[in-house]
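Not measured: the values here are computed from a predicted model.
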Amino acid sequence: MIEIKFAENLKNFRIASKLTQKELANMLGVNKRTVSAWENKICEPNLAIIARLCEIFNETFENLLT
């Protein structure tokens, strides 16, 4: 079974891209608290946001989610 590591990967990709939570939130049109909630496994974004994150980080769905 594939383990979902979205929260951990999101944070790692964001930091590697030298983006703050606020900067990433602005790029996505969401609140900084929303990005924080994703990174802390409180909730997950919808598919459209995940697709946008893949574009921002130049990563595949698989790399972002697993």
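- Expressed to the nearest 0.5 Å, how far CG of Asn63 lies from CG of Asn12 amounts to 12.0 Å.
- Between Phe57 and Phe13, the ring planes lie tilted relative to each other; the angle falls in the 30° to 60° range.
- Leu64 and Ile4 fall within a single hydrophobic cluster, where Ile, Leu, Val, Met, Phe, Trp and Tyr side chains are chained together by heavy-atom contacts under 4.5 Å.
- Put simply, the side chain of Glu8 never gets that close to the backbone of Lys5: no donor and acceptor are under 3.5 Å apart.
- For Asn31 (side chain) and Ala25 (main-chain N/O), no donor-acceptor pair under 3.5 Å exists by modelled atom type.
- Contact annotation: the side chain of Val30 approaches that of Val35 to within less than 4.5 Å [non-hydrogen atoms, C-beta and beyond].
- Within the structure, side-chain hydrogen bond (donor to acceptor under 3.5 Å, both in side chains) pairs that include any residue of residues 39-51 comprise Arg14-Glu39, Gln21-Glu39, Ser36-Asn40 (at least two apart or interchain).
- Residues meeting the salt bridge (Lys or Arg N to Asp or Glu O under 4.0 Å) test with Arg33, sequence neighbours left out: none.
- Hydrophobic clustering (ILVMFWY, side-chain heavy atoms < 4.5 Å, transitive): Leu47 and Ile49 are in one cluster.
- Under the 4.5 Å side-chain heavy-atom criterion for Ile, Leu, Val, Met, Phe, Trp and Tyr, Ile50 and Met27 are members of the same hydrophobic cluster.
- Applying the salt bridge (Lys or Arg N to Asp or Glu O under 4.0 Å) test to Glu62 and every residue at least two apart in sequence or in another chain returns nothing.
- Taking hydrophobic clusters as Ile, Leu, Val, Met, Phe, Trp and Tyr residues chained together by side-chain heavy-atom distances below 4.5 Å, Leu28 shares a cluster with Phe61.
- The shortest non-hydrogen separation linking Ile56 to Leu24 is CD1-CD1, 4.0 Å.
- In this structure, CG on Leu53 lies 13.0 Å from CG on Asn58, to the nearest 0.5 angstrom.
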